[in-house]
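Quick caveat, the model's predicted, so the values are computed rather than measured.
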Number of protein chains: 2
Amino acid sequence: MDRERLPGRRRTRQLEVVLEAVRDSGVEHPSADRVFERVRCVLPRISLGTVYRNLQRLAAEGQIGAVDVAGRSTRYDPTPHEHDHFICRICGRLDDVPVTRPAAGLRAASRAGHLVTSHALLLRGVCRDCRRSATSP
Amino acid sequence: MDRERLPGRRRTRQLEVVLEAVRDSGVEHPSADRVFERVRCVLPRISLGTVYRNLQRLAAEGQIGAVDVAGRSTRYDPTPHEHDHFICRICGRLDDVPVTRPAAGLRAASRAGHLVTSHALLLRGVCRDCRRSATSP
DNA sequence: CTCGGTGCAAAGGGTTTGCATACAT
DNA sequence: ATGTATGCAAACCCTTTGCACCGAG
């Protein structure tokens, strides 16, 4: 949101390194804390607050994705294009899955007069590895 | 979850009143705080901790629904059957919408070997009333 | 009588914010 | 030079938890 009014956004080293950390995270979908760890290897004096501020800014600008997970901390995603997620309720592993267009919900919302600007679907369950260790201990 | 093994769950007045408060909340989808307010009219000495404990228990038993909203507090839903939600990012109004079966995501998750046990879809946007006050101030 | 539930208050975790300083523009 | 971004630490919000007492079974 507020992607439009960006008067004097400055490009700092911290911003670059945070973006790079998310982009280089592969399928990990790191939390702010994890990003902080990674970034500290490059900029040992960066603060957690700055990491949060930059993650927020990058997400608002659409350069990265932010995945909200109930009860756990927000996870960040190098892939900003629209897609859904699966999270393992045992180990917290977060996977991308293809987006499902919520046709019925969208119809209902606009029928009610609401404007829908985004949607997020989260699948919950037990990942392959956690199923394995649960069945053969 | 854990609906089965409930050895000595006791039925207390507090539990009853919390359940009733959620059931009587109509379309409000109250937060724990709101439930606390409502319940206090009946049991002035109840504590917020007890409200949280009972909401958690009722949701675990499937008697009420819990809707996790990114960045905001959890909202509770008298309707436990499966459905999705729309939330207004301006005023926080939360509406029920019909469930959308996330076919593509489910397929991808099971192809990856994961077991999906539930899914939650949240539509975000601006509700009718907030659109109105935005366009004609 | 038992032991699960309660009230209270304090702790918890993730995230945000106020402030003086540093630095991109 | 101007004012945004930073580092630091404290504050914040929602939720959970430890403990002694209470009360449902």
(request) Would you please say whether a donor-acceptor pair under 3.5 Å links the side chains of His119(A) and Asp84(B)? (result) no
(message) What is the separation between atom CG on Leu43(A) and atom P on dA5(D), rounded to the nearest whole Å?
(response) 17 Å
(request) In whole angstrom, give the distance that lies between atom CZ of Arg34(A) and atom C1' of dT15(C). (result) 19 Å
(message) Salt bridge check, Arg40(A) against Glu37(A): does any charged N sit closer than 4.0 Å to a carboxylate O?
(response) no
(request) Please state how far atom CD in Glu16(A) lies from atom P in dA24(C), giving the value in whole angstrom units. (result) 10 Å
(request) Examine the side chains of Arg89(A) and Thr117(B) and answer whether a donor and an acceptor come within less than 3.5 Å of each other. (result) yes
(request) Could you state the atom-to-atom distance from CG of Leu55(B) to C1' of dG5(C) in whole Å? (result) 15 Å
(message) Per the ring pair (Phe, Tyr, Trp, His ring centres under 6.0 Å) rule, what does the pair list look like for residues 28-65 of chain B, sequence neighbours excluded?
(response) His29(B)-His85(B)
(message) Do the side chains of Arg13(A) and Glu16(A) get close enough for a salt bridge, i.e. N-O under 4.0 angstrom?
(response) yes
(request) Compare all side-chain heavy atoms of Ile64(A) with those of Leu19(A) and state whether any distance is below 4.5 angstrom. (result) yes
(request) If a protein heavy atom is under 4.0 Å from the base, mark B; if only from the sugar-phosphate, S; if neither, -; do that for nucleotides 13-25 of chain D going 5' to 3'. (result) -SBBBB----BBS
(message) Please pick, from dG5(C), dA5(D), dC8(C), the nucleotide with the shortest atom-to-atom distance to any side-chain atom of Arg57(A).
(response) dA5(D)
